Number of protein chains: 2
Amino acid sequence: MFVQERLGAIETLLQQKHRLTVGELARHFDASEITIRRDLRLLEEAGKIVRAHGGALRINYQRPEPGFEHKAVDAVEAKAAIARTAIEELPVRGHIFVDSGTTCLEIGRRLIERNELTIVTNSIPLLALAGEAKARIVGIGGEVRPVSLALVGGVALDWLKAFHFDAAVVGASGLDGADGAFTTELSEASVKQMACAHAKLRILAAHASKWNQPASVLIAPWGRFDRFVTDVRPAKADGARLRREGVAIRVAGLR
Amino acid sequence: MFVQERLGAIETLLQQKHRLTVGELARHFDASEITIRRDLRLLEEAGKIVRAHGGALRINYQRPEPGFEHKAVDAVEAKAAIARTAIEELPVRGHIFVDSGTTCLEIGRRLIERNELTIVTNSIPLLALAGEAKARIVGIGGEVRPVSLALVGGVALDWLKAFHFDAAVVGASGLDGADGAFTTELSEASVKQMACAHAKLRILAAHASKWNQPASVLIAPWGRFDRFVTDVRPAKADGARLRREGVAIRVAGLR
DNA sequence: GATCAATTGATCATATTTGTTCGATAGTGA
DNA sequence: TCACTATCGAACAAATATGATCAATTGATC
């Protein structure tokens, strides 16, 4: 086996495994460990991999789950812009459901200024803002999901059934041009679905970074939403698809 | 496991949990504590986390209860003492209702460490602590009362009807030797009553300053409570009355 | 077949990583 | 305030991984 072949093979293996030990590779190629180390050094010098003591890691090795707050901080500006645009779409009186998540929290933060409004939410951070609110704020009950500080679960759903909203604003963890909006957890998806099912106006608010992010549970296909508020004009194909499905796109800062 | 992997994993965990102790991490990775500390130091030097004595915090973690803390500064010491005493009266597993209010919040703050417990509460500040909780936390639904950040109202009551608690801890705004415990709002009183009605063990926790404070709505006469936890031994007459009604008195710091 | 360059493997001194011990320090409750 | 406990980090020790060096092997070329 030629060196180049081995180098290429190691790269390929790393695509599949994200981490490889020197021992594994030595066995795999039936070569000595020192040979593997030499290969790894070459690959590292070429910037193809990251070496670790005992093996190697994929270069863009990213941690298991992207995480919640991490993204939240660097997109504050964008999310504020989305929020400013989103509230223009929302009624000044009546009942509005506001979802959990950082984008929706920004929207909620602005909506609580409207004194004729009743805001129903599953977001604990939003409930915590009630002290400064002019609007009436109602929390749906349920079990707390610690990662997102959202109220979820069966009882929350039962309770939402009894409600009728003038509008529902929901967020998403992933967007897919072909399918629709996704989230990572079934229990959260159910709450979002139920809220939308009982709302006259359904608004999806999501930061552009959510496009093509993998998230396992479908909240709803595009057609179920009336408006999609985001911060960057979607790719041509995605935009066309949305319009075909009857979703009005609002791009923050541009209208 | 490579160092880089552990560092990445710690970052990911921190995004989900806000805070991690060295011990937790050591167990999680099956590594020694000193190894974890070394990792934490690396992450701190890289500006990825904030270290604390005993563990680490997420870099931009902000306290989730804004606008409420200022109230809580009154009698912190005494309330902490009451809380320490109260939790000794409470089971380590099962379902416990924890009321809104600063005293009960102190109790809840300690109870969330018990990992076999389900805590049901109408206190939004307590719900906001779920991110750091070992216990399962359930919020009852309802309208938010901004002054107290408590969930109240008809829906809250309906929720409570569905529950059965091993214990209920409630607070009060006023205490009267002759009558019992009072609060300022009918809606809050109803929640407290309903919680007690569905609990095996009923604990009233209140700071001594609440004696003879005027508060309009009777929560319940003394006889409805099993224990009264406070920070100062009650006046002779009051103490006698309580005992006659079958309420066990626990004075914080003295037992 | 002899020679050379390239690659690989073996050996061993050195690096790195991890865990243990123990004195120092910070937090906690009285 | 003090004493008590938990946590911390320095220093050492053990285990493991690493790379420099040198020898062996292979294949190409003369």
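The structure displayed is predicted, hence computed values, not measured ones. In what follows, chains are A, B, ... by sequence order, proteins preceding strands, each numbered from 1.
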Whole-Å distance, Gln4(B) CD to dT16(C) P, equals 13 Å

Counting only side-chain nitrogens and oxygens, does Arg51(B) get under 4.0 Å of the OP1 or OP2 atom of dG9(D)?
yes

Determine if the base of dA24(D) is syn or anti; take syn to mean the glycosidic torsion is within 90° of 0.
anti

Aromatic ring pairing Phe165(B)/Phe97(B), orientation class (parallel under 30°, perpendicular over 60°, tilted between)
tilted

Who is the Watson-Crick or G-U wobble partner of dA30(C), with both distances under 3.5 Å?
dT1(D)

For dG27(D), give its Watson-Crick or G-U wobble partner with both distances under 3.5 Å, or none.
dC4(C)

Please find the pair of heavy atoms, one from Val152(B) and one from Glu188(B), that lie closest to each other, and give the distance.
CG1-CG, 3.8 Å

With a cut-off of less than 4.0 Å, is there a side-chain N or O of Arg41(A) near OP1 or OP2 of dA17(D)?
no

Within the modelled atom types, does a donor on one side and an acceptor on the other bring the side chain of Arg38(A) and the base of dG9(C) under 3.5 Å apart?
yes

Give me the ring orientation class for His95(B) and Phe163(B): parallel if the planes are under 30° apart, tilted from 30 to 60°, perpendicular past 60°.
tilted

Arg37(A) vs dG19(D): side-chain N/O to OP1/OP2 distance below 4.0 Å
no

Between the side chain of Thr21(A) and the main-chain N/O of Gly55(A), is any donor-acceptor distance below 3.5 Å?
no

Heavy-atom closest contact (Thr85(B) atom, Arg250(B) atom, distance)
CG2-CB, 4.1 Å

Regarding Thr183(B) and Lys192(B), do their side chains bring together a donor and an acceptor under 3.5 Å, going by distance alone?
no

Tell me which residues in residues 26-36 of chain B lie within less than 4.0 Å of DNA chain D, going by non-hydrogen atoms.
Ile34(B)

I need the CG-P distance between Leu7(B) and dT17(C), as an integer number of Å.
10 Å

Could you tell me how far apart Leu25(A) (CG) and dG9(C) (P) are, to the nearest whole angstrom?
13 Å

Quick one: Leu42(A) CG to dG19(D) P, roughly how many Å, whole number?
11 Å

Hey, does Gly55(B) reach any base, or is it just sugar-phosphate, or nothing, if we go heavy atoms under 4.0 Å?
sugar-phosphate

Does dT8(C) have its OP1 or OP2 closer than 4.0 Å to a side-chain nitrogen or oxygen of Arg6(A)?
yes

Where do Val98(B) and Cys104(B) come nearest, in terms of heavy atoms and distance?
CG1-O, 3.6 Å

Expressed in angstrom and rounded to an integer, what is the separation of His53(B) atom NE2 from dC8(D) atom P?
5 Å

